[in-house]
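Inspection log for the structure reproduced underneath, given as structure tokens.
So that the names make sense, note that chain A is the first sequence line, chain B the second, and so on, each numbered from 1.
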Protein chains: 2
Amino acid sequence: MNAMREPEGYLIYLIKQVELGVRRPFEELLAAKGISTPTYTALTVLRRWPGITSSELARRSFVRAQTMAETVNAMLDSGLLRREKDPAHGRQMLLYITAEGDRMIDRVRDDVQDLDAVLASALSEEDRRQLIHHLRACRDVLLAREGRVRV
Amino acid sequence: MNAMREPEGYLIYLIKQVELGVRRPFEELLAAKGISTPTYTALTVLRRWPGITSSELARRSFVRAQTMAETVNAMLDSGLLRREKDPAHGRQMLLYITAEGDRMIDRVRDDVQDLDAVLASALSEEDRRQLIHHLRACRDVLLAREGRVRV
DNA sequence: GAACAGTTTCAGGTAGCCTGAATTCTAAGT
DNA sequence: ACTTAGAATTCAGGCTACCTGAAACTGTTC
């Protein structure tokens, strides 16, 4: 428990530090291709869970439904997403990535991988795998708290 | 390299997800004690590096000097920090945590540790140590890119 | 002594979150 | 069948934590 004695050793603090450190280069990279961070994460989540609603996407992205609606509307306008009425639930709209959305994912992939490689440059391949595994575990704990989300 | 094939496996993406998931409860926790996230991180960095300048603090926190100046001014006003002229460099001001700042760190510690424990609830003690170690490695890579920062 | 680099400060801008509230639909209970 | 509760969507408005640009001052270097 010694690692927890000093704030420097808190997970929360380190997560925030790394996120802050990555944020600017990441935003620049995405902006060069014409998308924002929320757009990128929405594409990533939707690729994994096609056909979910905007509200469900919000839960999986840890933002409010109203916040996600803004991102989704922008993506619908720019043609990255399309939506269909859910036949079973009159009011719900199901979201899908368009061909253009898929192309966008392809267009940013190399640069994202490059930045990712920088981030992991002090880690062995095994370290990197463990880090990803542990981060997934943390995220899943948080998802479970969000409620109504199948992990 | 299979882990890198899908965006879901990118470090950047997972870091962002976990940060988003922790952000709201963390902000609420801090707000209940009367401080913001930037204030908390500034206190944490300054506890580790007392007597640095606001610009140096900005570099270590991955924000611009002007952004950090806002945070620091608020903290000076509320008495969490004090500053002294650097005798060697006429224009530079060195920052120190006040007794009140130390008390604030104490006041939030338990709640931060509780939230940290939730985050790590799916990890063994050994996993948690590894995760912290790897996150530090990522942060140090980013710090090195920031320039003029001793790690 | 001139150019350069770093810190601080002032001014202004914006993206990405948030809450509140109205609408519409489904599901559940009585 | 009727009512109530719960969830998704949409409209309106607000704020924080970032950002860039530019000026003033100081220490360093050539």
Between B/Arg24 (side chain only) and A/Phe62 (backbone N and O only), is there a donor and an acceptor less than 3.5 Å apart? yes

Show your working on side chain to side chain contact (heavy atoms under 4.5 Å, CB included) between B/Phe26 and A/Lys16 and close with a plain yes or no. CA-CA 11 Å; B/Phe26 190 48; A/Lys16 191 153 271 303; 4.3 Å; yes

When A/Gln130, A/Arg129, A/Arg128 are each screened for side chain to side chain contact (heavy atoms under 4.5 Å, CB included) with A/Ile132, the one that passes is A/Arg128

Between C/dC17 atom P and B/Gln17 atom CD, what is the distance in whole Å? 11 Å

To the nearest angstrom, how far is A/Glu84 atom CD from D/dT9 atom P? 14 Å

Closest to the B/Ala69 side chain: D/dT9, C/dT9, C/dT8? C/dT9

Rounding to a whole Å, what distance do you find between A/Lys16:NZ and D/dA17:C1'? 10 Å

Can you check the A/Gln92 CD to D/dT9 P distance for me, whole Å? 6 Å

Please report the distance, rounded to the nearest Å, between CD in A/Glu27 and C1' in C/dG16. 10 Å

How many whole angstroms separate atom CD of A/Glu56 from atom P of D/dA8? 8 Å

Rounded to the nearest 0.5 Å, what separation is found between the CG atom of A/Leu30 and the CE atom of A/Met104? 9.0 Å

Donor-acceptor contact present, side-chain B/Asp116 to main-chain A/Leu11, <3.5 Å: yes

Checking A/Thr98 side chain against A/Arg82 main chain: does a donor-acceptor pair fall under 3.5 Å? no

Could you state the CG-C1' distance from A/Leu76 to D/dT9, rounded to the nearest angstrom? 13 Å

For the side chain of A/Ser55, starting at C-beta, report the closest nucleotide among C/dT8, D/dA7, D/dT9. D/dT9

In whole Å, what is the span from the CZ atom of A/Arg60 to the P atom of D/dA8? 12 Å

Nearest listed nucleotide, side chain of B/Ser36, among D/dA8, D/dA17, C/dT9: D/dA17

Could you list, one pair per line, each protein nitrogen or oxygen that sits under 3.5 Å from a nitrogen or oxygen of nucleotides 18-21 of chain D, together with the distance?
{"unit_1": "D/dC18", "atom_1": "N4", "unit_2": "B/Glu70", "atom_2": "OE2", "d": "3.3"}
{"unit_1": "D/dC19", "atom_1": "OP1", "unit_2": "A/Arg24", "atom_2": "NE", "d": "3.0"}
{"unit_1": "D/dC19", "atom_1": "OP2", "unit_2": "B/Arg64", "atom_2": "N", "d": "2.9"}
{"unit_1": "D/dC19", "atom_1": "OP2", "unit_2": "B/Thr67", "atom_2": "OG1", "d": "2.8"}
{"unit_1": "D/dC19", "atom_1": "N4", "unit_2": "B/Glu70", "atom_2": "OE2", "d": "3.2"}
{"unit_1": "D/dT20", "atom_1": "OP1", "unit_2": "B/Arg64", "atom_2": "NH2", "d": "3.3"}
{"unit_1": "D/dT20", "atom_1": "OP2", "unit_2": "B/Arg64", "atom_2": "NE", "d": "2.8"}
{"unit_1": "D/dG21", "atom_1": "O6", "unit_2": "B/Gln66", "atom_2": "NE2", "d": "3.3"}

Short side-chain donor-acceptor distance under 3.5 Å, B/Thr39 and B/Ser36: yes

